[in-house]
Every structure is written in C-alpha cells, then in structure tokens.
Amino acid sequence: VRIIADLDLIPPGNNYNLLIYRHSDSHLEREGRNIGNQPEHVETDPLQAGRYDIRVWPVTDQAPGSVQPYRLIVRWQ
C-alpha cells in the first residue's frame, strides 16, 4: 500500500509542510516542504502494514481571518 497526500488551498501568507510518519517509531517516510503557500504533494513507496501519521506542520502563523486554512486530500492504493 502507498499513501498519497495533497495539501492545497493554502491562503497567501501561510506556509505548511506535509509529513508522513510511521506511527510506531516516528520514522519519516516522506515530506513535502514547498516554500510559501505552494501546494504540497507527497507519495510514499510501498509501505509495510501498520499505522502511519500525516502531519500538517505550520512553518508560519496563519493569516488573520483564516477559517479553513487549507484542504488536505489523502488516498491509498
């Protein structure tokens, strides 16, 4: 199984990184670290069975008035 995650609709003035970790030992499987509010896209290689965490990590504070700061779409195949 592979995890595919997309982070977009990031408002101007915001910057988030997208990270996929193996839950058992916090091993970083993949990361997206685009600059500014550019969309992030990460795809893992085939993974071992287990639990994985997806983290949206703020690099800068949210812009004032942001109600929905981004859209996160996750799929597996």
Side-chain angles (χ1 to χ4, degrees):
V1 172
R2 295 182 326 126
I3 298 173
I4 302 163
D6 289 286
L7 181 69
D8 63 6
L9 301 180
I10 301 169
N14 289 270
N15 184 4
Y16 294 94
N17 291 334
L18 184 58
L19 308 125
I20 300 177
Y21 288 91
R22 187 169 50 222
H23 182 79
S24 62
D25 60 4
S26 296
H27 172 78
L28 180 63
E29 294 289 344
R30 281 288 185 266
E31 62 183 327
R33 294 184 180 265
N34 287 336
I35 297 172
N37 67 325
Q38 296 176 20
E40 302 281 353
H41 174 84
V42 292
E43 294 185 30
T44 66
D45 293 327
L47 299 168
Q48 298 175 2
R51 183 174 166 186
Y52 293 85
D53 298 324
I54 297 172
R55 296 180 186 167
V56 176
W57 194 263
V59 176
T60 57
D61 293 332
Q62 289 185 15
S66 292
V67 176
Q68 175 79 28
Y70 52 76
R71 175 176 62 180
L72 175 64
I73 299 172
V74 179
R75 31 190 210 284
W76 61 93
Q77 59 183 33

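Computed over heavy atoms, backbone and side chain alike; hydrogens, waters and symmetry mates excluded.
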Side chain Glu40, main chain Arg33, donor-acceptor under 3.5 Å: yes
same_hphob_cluster(Leu72, Tyr16) at 4.5 Å side-chain heavy-atom cutoff: yes
Heavy-atom pair of closest approach, residues Pro39 and Asp8: CB-CB, 4.1 Å
Approximate separation, where rounding is to 0.5 Å, of Asn15 CG and Asn34 CG: 8.5 Å
Presence of salt bridge, Asp6 and Arg75, under 4.0 angstrom: yes
Donor-acceptor under 3.5 Å (Asn37 side chain, Ile10 main chain): yes
Joint hydrophobic cluster, Ile3 plus Tyr70, side-chain heavy atoms closer than 4.5 Å: yes
Option passing side-chain contact (heavy atoms from CB on, under 4.5 Å) with Ile20 (candidates Ile4, Val74, Thr44): Thr44
Heavy atoms of other groups near Leu28 CG, more than 12 under 6.0 Å: yes
Tyr21 side, atom OH; Arg55 side, atom CZ - distance, nearest 0.5 Å: 5.0 Å
Ion pair check, Glu29 and Arg22, cut-off under 4.0 Å: yes
Sole candidate of Leu47, Leu19, Val42 that passes side-chain contact (heavy atoms from CB on, under 4.5 Å) when paired with Arg30: Val42
